[in-house]
Amino acid sequence: MYFRIILYFICSNLAFSQNEICATTYYVNKSLSDSPEKLQILNELNNFTQEYINQNLHCRSADTNYIIPVVVHVIHNYGTERISENQVNSAIETMNNDFNALNEDISDVLDDFTSLVSDIGIDFRLAKIDENGNCTNGITYNQSILTYSGGENVKEDTYWNNEMYMNIWVVADLASEGTAAYAYYPGTAPDNHEGIICDDDYFGTIGTASNSNWSRHTMPHEVGHYFNLPHPWGSNNGPGDDDNDGDGIPDNCLIDDGVEDTPLTYGVGNSNCPLSQSSCDGSLDNVQNIMDYSNCAHMFTEGQKSRVHAALNSNAGGRKNLWQIENLWATGVHDEYEPQICPPIADFKSNTQSGCSNTTVFFEDMSYNTSEIDTYYWYFGESADPIESSLKNPIVTYNQPGSHTVRLVVTNTGGTNELVKEEYITILDGDVAPHIEQFESKNFPFNNNSSNWYVKPVDSEATWERNQVASYDGIGSLRLSSQFFNSSDIIHELTTPELDFTNQFSEQGNPLALYFNLAYAMRVPYTIDGKSIITDKLDVFLSKDCGETWIQRASFESVELNTKGDSIVFNNYVPEASDWEERYVNIQTASNEPSVIIKFQFTGSGRLNEEEAFIVDNGTIITDNIGGNWLYLDNIRIGNGEWETLENNIKEIDFDIFPNPASKNSYLRFNIINDQELHIKIYNILGEQVFYKEKLFYRGNNTVLLSSFVKDNKSGLYFIEVSSKNYYGKDIIILSK
């Protein structure tokens, strides 16, 4: 039989669509180009496989299983893709059922093929010892935004030794559109990337996955590739009767899978189940084979078993080492290994990471590596209520603005583990509209001279950043560029302080509004059906209940953001003075509201895992980045105000502490020329806030007693800040007790 082999599989989702554009040629060429030595490995594997089959060296009987240690890496961003241990176990169960002919639907195999049904004899077991010798349950959880565009990019920092474990990665979405999972033949993967990657929707039978035939047999299908099984029609990703050479014979009928007892077939596409299909030589197709694309996959054959066993006894890709006795002991899956109680690995999430003063936050323990946790200890900071907790899932109220660190310590008889998330919860500053932000503070969003804003963390992704490259007015502006994004599904949020609009209202001809200046240039000229290939979009939302609900007030796509006309700036756009334009957003729904938050939300596509071909209106382009250029924002004005007099050039407040060094009778004294709501903060030398007071002070001389600060703190050096929308001052306090 003629045998052609392809290095890299991409198995499409739900329908395994026959119409899916196949990138196999690209991956083959890239693999051979990047690592020519892998072709030799593949040739040696094929020669070994043929020799193994010819000599009928089955090595082990069906009732003596090959035990394979498995580790499952769940790549997540705390969404539904962070699948449970039970869902992982359900996937391992389906793999074991299919490879041992124990699946319930095996009884549905047609009589023509029941004699070929094979118990391949593989027992997949989650590892009990990790590669460093530590106790594990065989599941790791790794937080990363790359879960939304998973591929080779998630493997480098997470893989375990490929010759000790079969690595499986589970992600929210694969980068290749329409893809459910993929695997490599033994020895053909990039270094340290051997294994299988799967969309969480197709991993197992519960949770985010379904118990459909598609979902249930996706992982066994990919494991088949991992053990050198091609599709029944041969090594390509396109089942069907295409006849590209025009010889009257479907192309797939001229190739084969290297398995003697799987009939020639051109394959099944579009999730069909044509049980009577005889596509090539008149013999009935084995459409129920797990390596086909039908939606009635049930079985492996004896010939496929021989091919899998050959892979297990070959050195290609480290498959032979997996089941060796010494490795079974090293990974904790040997029959005689006595499992230990593993120490927990601390992890948690919350229902929100930002809010207003007195916001209630719900924390959820997500610790893993064991089902047994005896004690919890949480610490939320001095401004939280409660400050600490021993509950599994505590509820906490924060009553002071600023960023707050959260600490979780979990313990069982196996050990203790701690997780600290720095500045995890941000409570928005309060301010009064009208409000202006011109990004003049070098520490933005932590402003020294005005209320702090909030930039939502997005892992290691590039996001909103202050710069002095260009500005509409002053020296600073805010910018970001999707060209540097790692994933297209990440939302980049910029949020104002909580603003009091009690005295703000709309009137005829003067609606309550948000104004800002922006500059933006198109990076590439390409369009698809007249629409730019660049997907950049800036949305503006408003909330009147501290972010519980949001009202969309405006949306600007790339063509509406563009201030450069027809000019294309391929990289590193720096706007000229004439590029800046003003945008207007009606926010009259905020009239007279006591609590208003405005959020700028930016999305866009960026880096792709690999180069892709895009059919654009004037041809075809091949690129690995469809991100946009820099978007600059400046001079944000919110409400109806006298903008010429309302600015961020804050006056310095003149204050002193008397006496200093401080004693129990010390007080802060200052003079202001206008009524002001002041924030008084004192920090220790570690930067921890130890005193806070917020109060409306009237113009003229004022004093604030510091007796509580003196009483509650030890002798040492401290820093005091006094600030409002219009004033700022900083000094040193020496406490001597």
So, the side chain of [X] versus the backbone of [Y]: is there a donor-acceptor pair under 3.5 Å, distance only?
X      : Y      : answer
Asp105 : Asp108 : no
Ser350 : Phe363 : no
Asn167 : Gly195 : no
Thr265 : Val287 : no

Distance check, rounded to the nearest 0.5 Å: [X] atom [atom1] versus [Y] atom [atom2]?
X      : Y      : atom1 : atom2 : value
Glu302 : Ile120 : CD    : CD1   : 8.5 Å
Lys320 : Gln324 : NZ    : CD    : 6.5 Å
Lys349 : Glu364 : NZ    : CD    : 5.0 Å
Thr413 : Ile373 : OG1   : CD1   : 11.5 Å
His309 : Ser314 : NE2   : OG    : 14.0 Å
Tyr165 : Asn327 : OH    : CG    : 7.5 Å

ring-ring contact (aromatic ring centres under 6.0 Å, His included) partners for Phe227, two or more places apart = none
Identify the heavy atoms of Pro69 and Ile67 that sit nearest to each other, and give their distance.
-> CD-O, 3.8 Å
Residues Thr301 and Asn289: closest non-hydrogen pair is CG2-ND2, 3.6 Å
Quick one: does Pro239's side chain get under 4.5 Å of Trp233's, heavy atoms only?
-> yes
Does a side-chain heavy-atom distance below 4.5 Å link Asp459 with Ser144?
-> yes
Who pairs with [X] by side-chain hydrogen bond (donor to acceptor under 3.5 Å, both in side chains), at least two apart in sequence or on another chain?
X      : result
Thr158 : Trp169
Ser84  : none
Asn321 : none
Thr208 : Gln87, Asp200

Please, which pairs that meet ring pair (Phe, Tyr, Trp, His ring centres under 6.0 Å) have at least one residue in residues 132-157, sequence neighbours excluded?
-> Tyr141-Tyr368
Given Val74 and Asn142, is the side chain to side chain contact (heavy atoms under 4.5 Å, CB included) satisfied, shown in steps?
-> CA-CA 6 Å; Val74 180; Asn142 305 273; over 6 Å; no
Not counting sequence neighbours, list each pair that qualifies as a side-chain hydrogen bond (donor to acceptor under 3.5 Å, both in side chains) and has a residue in residues 335-347.
-> Tyr78-Asp347, Arg82-Asp347, Arg125-Asp335
With sequence neighbours excluded, residues passing salt bridge (Lys or Arg N to Asp or Glu O under 4.0 Å) with [X]:
X      : value
Glu418 : Arg407
Asp624 : none
Lys456 : none

Determine the interplanar angle of the His231 and Tyr293 rings, folded into 0 to 90°, and report it as parallel if under 30°, tilted if 30 to 60°, perpendicular if over 60°.
-> perpendicular
Where do Thr262 and Asp257 land on the side-chain hydrogen bond (donor to acceptor under 3.5 Å, both in side chains) test, with the steps shown first?
-> CA-CA 8 Å; Thr262 55; Asp257 59 354; 2.6 Å; yes
With sequence neighbours excluded, what pairs up with Asn192 under the side chain to side chain contact (heavy atoms under 4.5 Å, CB included) test?
-> Tyr159, Asn162
Check: Trp214 ring centroid to Tyr202 ring centroid under 6.0 Å = no
Give a yes/no verdict on a cation-pi contact between Lys421 and Phe348, requiring under 6.0 Å between NZ or CZ and the six-membered ring centre and an angle within 45° of the axis.
-> yes
If you draw the axis of the six-membered ring of Tyr226, does the NZ or CZ of Arg319 fall within 45° of it and under 6.0 Å from the ring centre?
-> yes
Just grab all the disulfide bond (SG atoms under 2.5 Å apart) pairs involving residues 108-144, residues at least two apart or on different chains.
-> Cys135-Cys342
Under 6.0 Å from the CD atom of Glu326, do we count more than 12 heavy atoms belonging to anything else shown?
-> yes
Any chance you could lay out the side chain to side chain contact (heavy atoms under 4.5 Å, CB included) test for Tyr66 and Asn313, step after step, and finish with the verdict?
-> CA-CA 11 Å; Tyr66 290 90; Asn313 285 277; 3.1 Å; yes
Can you list the steps and then say if His217 with Asp98 is a side-chain hydrogen bond (donor to acceptor under 3.5 Å, both in side chains)?
-> CA-CA 8 Å; His217 295 296; Asp98 282 1; 2.5 Å; yes
